[in-house]
Amino acid sequence: NWTKPAGCSTVKVVLIGAGGGGGGGATNTAGTQHRYGGAGGGGGAQVEKIFKAADLASPTAVTIGGGGGGGAGAPGPGTAEGSDGSPGDDSTFGAYLQAYGGGGGRGGRNVSGNAWGGGGGGRGEKGQDGTTTIGRGGRPGASVTLESVPAVSGGTGGGAGSADNTYVGGAEYGGAAGGSAVSTIDSLEGGSSIYGGAGGGGGGGYSNAGASRAPADGGIGGTIVAGAGGAAGANGNPATGGTDGADGSSLVGGEAGGGGGAGSAANVAPANGGAGGLCGGGGGGGGAGALTAAGGDGGAGGDGYCLVISW
């Protein structure tokens, strides 16, 4: 709880919602068939407001949102999709102010198609969990399809994957979107947010033709240019895991975790996605497995944040 200091007249509150967890990787008993990594979790939104101290109750309850859990990788041996990541919880300052958490990343697929990253939390609602078709950012200013310009609030479901879409999934005060894991190209980088939490990178996988779909980096705070947060792992034998995102601060939201690598051959264990950093970073998606190897787990989202300044 927050207790009003004696003699103060003005109170400023800054909140960041928690990041969503990354999706777990898929597995396939046929090592030459589709098996893809999980998508990254969305970042939490940042909100701030200045109050007259006389308008606030004392004490006021403070809740710091807990990061969403990463989705479990599909069990092996078997042919199954990875579990979805869980959304991040909201951070609240009584009933006066609320910062929404990011959506969880979709679990990896074992058929051709997309697993979308979790949408970034908006200043008006939570980011949507990623699905096979969308991962919409929280309103206001949310985009429902991939765009080539940044969303002002919640990010879209897809992080940037090429120079032509540098700003996809980025945000200003909203959380950034998690990177999607798709069947036709490498997984997408997590989006970045200037003030909110960044989105996790998509996990690695392989197509039915044996083409590698590399995992991707998580996003970072202080910019809308995707990537550059927690580093992606690598597909191969052995596969390597995504790096955890660095914690944020009163200056920027948390970095997001990188996507985990997929095993390059039958029975080679995949790797887990990295965890999102404190202050709303999203978790990275887990890598895909094959035959007896289970899919890698998605990384957990970073917890939220609260700063109260009284004078």
Side-chain angles (χ1 to χ4, degrees), residues 1-5 8 11-22 41-51 53 56-70 85-105 118-127 129 137-138 153-155 171 173-176 178 193-200 218-222 229-230 244-257 274-283 298-310:
N1 289 348
W2 171 80
T3 301
K4 190 185 308 183
C8 80
V11 178
K12 180 176 181 179
V13 180
V14 179
L15 297 174
I16 300 178
Q46 193 251 58
V47 297
E48 59 183 70
K49 190 171 182 179
I50 296 175
F51 301 92
L56 301 177
S58 182
T60 293
V62 175
T63 299
I64 296 176
S86 298
D89 293 333
D90 305 335
S91 295
T92 60
F93 181 76
Y96 304 110
L97 195 63
Q98 184 167 8
Y100 290 93
R123 302 192 80 182
E125 66 176 353
K126 188 183 292 291
D129 292 341
S153 190
Y173 282 92
S193 177
I194 297 176
Y195 300 108
I220 196 171
D244 295 346
D247 291 342
S249 66
S250 62
L251 302 175
V252 294
E255 289 185 9
L278 181 69
C279 300
D303 291 345
Y305 177 81
C306 176
L307 173 66
V308 182
I309 304 170
S310 306

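Source: prediction; values computed, not measured.
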task = Output every pair passing salt bridge (Lys or Arg N to Asp or Glu O under 4.0 Å) with a member in residues 92-101, not counting sequence neighbours, ordered by first then second residue.
result = none

key: Sequence neighbours excluded - salt bridge (Lys or Arg N to Asp or Glu O under 4.0 Å) pairs with any residue from residues 58-68   = none

query = Taking Val11 as the fixed residue, which of Leu56, Ile309, Thr60 is the one that meets the side chain to side chain contact (heavy atoms under 4.5 Å, CB included) rule?
reply = Leu56

Looking at every heavy atom in both [X] and [Y], which two are closest together, and how far apart are they?
X      : Y      : answer
Gly122 : Ala45  : O-CB, 3.4 Å
Val62  : Cys306 : CG1-SG, 3.7 Å
Arg123 : Glu48  : NH2-N, 3.6 Å
Ala256 : Gly199 : CB-O, 2.9 Å
Leu307 : Ser250 : CD2-CB, 4.2 Å

request  = Apply side chain to side chain contact (heavy atoms under 4.5 Å, CB included) to Leu251 and list each qualifying residue two or more places apart in sequence or on a separate chain.
outcome  = Ser249

inquiry  = Taking ring-ring contact (aromatic ring centres under 6.0 Å, His included) as the definition, give me every residue that meets it alongside Tyr195, ordered by chain and number, with sequence neighbours left out.
reply    = Tyr173

May I ask you to decide if [Y]'s main-chain N or O and [X]'s side chain share a donor-acceptor pair within less than 3.5 Å?
X      : Y      : answer
Glu255 : Gly245 : no
Ser193 : Gly174 : yes
Asp303 : Gly66  : no

key: Residues which pass salt bridge (Lys or Arg N to Asp or Glu O under 4.0 Å) with Lys49, listed by chain and number, not counting sequence neighbours   = none

Exercise answer: donor-acceptor pairs, residues 91-99 side-chain atoms, under 3.5 Å, sequence neighbours excluded:
| unit_1 | atom_1 | unit_2 | atom_2 | d |
| --- | --- | --- | --- | --- |
| Ser91 | OG | Ile16 | O | 2.8 |
| Ser91 | OG | Gly65 | N | 3.0 |
| Tyr96 | OH | Ala57 | N | 2.9 |
| Gln98 | NE2 | Asp90 | OD2 | 3.0 |

